[in-house]
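Note sheet for the following structure.
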Amino acid sequence: MSFFKSKKPSKGLYIFVWFLAFIPANIIVTILDNFLGDAIIKNIEDINNYVFIALPLEVIIGVGIVVFVYKKFPNLKMSKVMPYIYVLTAVNIAKTYIETEASLKPLNFDLTIFNIGLILSYFGYVLGVRYFFVNSKQWK
């Protein structure tokens, strides 16, 4: 049990908690995304509705899961974790952008609102996680 309660957590604990937080969060958000995508998008014009409904829900649920898991490990310093969250979330958003652009480019659909939604999702996600820890003992 000392592995989990150590005053100076090891890199192994940081990695373990990363997987414990982000794998379930990504699985749940992917399931939610598939469900909402099928429920909302009936034709190409519905993508903008999807942006206003699905993306905020996905951000809230993703942040909630990550915060819930990391709060269970009070000795981990989130200030050490946040740079990875910033970079890897940006990579994930870029991947989503590239895949969506490639899929919808042949349809000549304007993805401006979708792209703005992705950018806002990025900031909502990283700043949402940061918000819950920046003034706590887990940050310092």
Side-chain angles (χ1 to χ4, degrees):
M1 213 44 149
S2 64
F3 177 72
F4 295 111
K5 303 282 184 193
S6 172
K7 294 288 183 199
K8 291 193 77 177
S10 68
K11 289 180 184 178
L13 182 59
Y14 277 97
I15 293 168
F16 172 74
V17 175
W18 178 274
F19 284 112
L20 195 62
F22 285 93
I23 289 177
N26 286 333
I27 290 170
I28 292 168
V29 168
T30 299
I31 291 168
L32 178 65
D33 183 63
N34 290 332
F35 172 76
L36 291 173
D38 290 342
I40 297 170
I41 301 173
K42 302 299 183 204
N43 62 47
I44 193 72
E45 287 81 27
D46 292 338
I47 289 178
N48 294 335
N49 294 335
Y50 169 84
V51 169
F52 294 117
I53 297 169
L55 293 181
L57 285 174
E58 292 170 12
V59 167
I60 291 167
I61 290 172
V63 168
I65 293 168
V66 170
V67 168
F68 175 78
V69 171
Y70 273 98
K71 288 280 187 183
K72 298 295 182 189
F73 296 89
N75 291 334
L76 295 182
K77 299 299 179 199
M78 288 305 292
S79 58
K80 292 182 179 181
V81 177
M82 282 309 297
Y84 297 99
I85 293 175
Y86 294 138
V87 170
L88 294 175
T89 302
V91 168
N92 191 29
I93 294 290
K95 178 182 153 280
T96 301
Y97 167 78
I98 290 167
E99 290 173 353
T100 304
E101 182 77 19
S103 297
L104 297 178
K105 189 166 183 119
L107 301 175
N108 292 325
F109 184 75
D110 183 20
L111 289 173
T112 303
I113 292 175
F114 182 79
N115 294 335
I116 291 170
L118 283 179
I119 293 167
L120 292 175
S121 293
Y122 170 78
F123 285 109
Y125 192 82
V126 298
L127 295 176
V129 172
R130 187 179 190 278
Y131 170 80
F132 283 97
F133 295 102
V134 75
N135 291 324
S136 72
K137 291 180 182 178
Q138 274 186 275
W139 189 264
K140 298 167 178 67

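This is a predicted model, so every value here is computed, not measured. Just so it is clear, the values below take in all heavy atoms, side chains as well, and ignore hydrogens, waters and symmetry mates.
The CG atom of Asn115 sits 6.5 Å away from atom CD of Glu101, with the distance rounded to the nearest 0.5 Å. One distance of note links CG of Leu55 with CD1 of Ile116; it measures 12.0 Å at 0.5 Å rounding. How far OH of Tyr14 is from OH of Tyr84: 10.5 Å, rounded to the nearest 0.5 Å. Distance CD/Glu58 to CD1/Ile31: 12.0 Å, rounded to 0.5 Å. Leu13 CG to Lys8 NZ: the interatomic distance, rounded to the nearest 0.5 Å, is 13.5 Å.
Checking each of Ile23, Val69, Leu88, Val66 against Trp18 for a side chain to side chain contact (heavy atoms under 4.5 Å, CB included) leaves exactly one that passes, namely Leu88.
Looking at Ile85 and Met78, their side chains come closer than 4.5 Å, going by heavy atoms from C-beta outward. Leu76 is not listed as a side-chain neighbour of Val81, based on a closest heavy-atom distance of 4.5 Å or more.
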Walk me through it: do Ser103 and Thr100 pass the test side chain to side chain contact (heavy atoms under 4.5 Å, CB included)?
-> CA-CA 5 Å; Ser103 297; Thr100 304; 5.8 Å; no
Full working for side chain to side chain contact (heavy atoms under 4.5 Å, CB included) between Ile28 and Ile61 = CA-CA 8 Å; Ile28 292 168; Ile61 290 172; 4.0 Å; yes
Can you list, pair by pair, the side-chain donor-acceptor contacts under 3.5 Å of residues 105-114, counting residues two or more places apart and other chains?
unit_1 : atom_1 : unit_2 : atom_2 : d
Asp110 : OD1    : Thr112 : N      : 3.3
Asp110 : OD1    : Thr112 : OG1    : 2.6
Asp110 : OD2    : Thr112 : OG1    : 3.4

Name every donor-acceptor pair, under 3.5 Å, that has one atom in a side chain of residues 120-137 and the other anywhere in the protein, sequence neighbours excluded.
unit_1 : atom_1 : unit_2 : atom_2 : d
Ser121 : OG     : Gly117 : O      : 2.8
Tyr122 : OH     : Tyr86  : O      : 3.2
Arg130 : NE     : Tyr86  : OH     : 3.3
Ser136 : OG     : Phe133 : O      : 2.8
Ser136 : OG     : Gln138 : N      : 3.2

Below 3.5 Å, can you tabulate the donor-acceptor pairs from side chains in residues 35-45 to any protein atom, sequence neighbours excluded?
unit_1 : atom_1 : unit_2 : atom_2 : d
Lys42  : NZ     : Asp38  : O      : 2.9
Asn43  : OD1    : Glu45  : N      : 3.0

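Listed here is the closest heavy atom pair of Ala25 and Gly62: CB-O, 4.3 Å. Heavy-atom minimum distance, Ala21 versus Pro24: O-CD, 3.7 Å.
No more than 12 heavy atoms of other residues, nucleotides or ligands lie within 6.0 Å of NZ in Lys80, so this atom counts as exposed by the packing criterion.
In the hydrophobic clustering of this structure, Val51 groups with Ile98; members are Ile, Leu, Val, Met, Phe, Trp, Tyr whose side-chain heavy atoms approach within less than 4.5 Å, directly or through other members.
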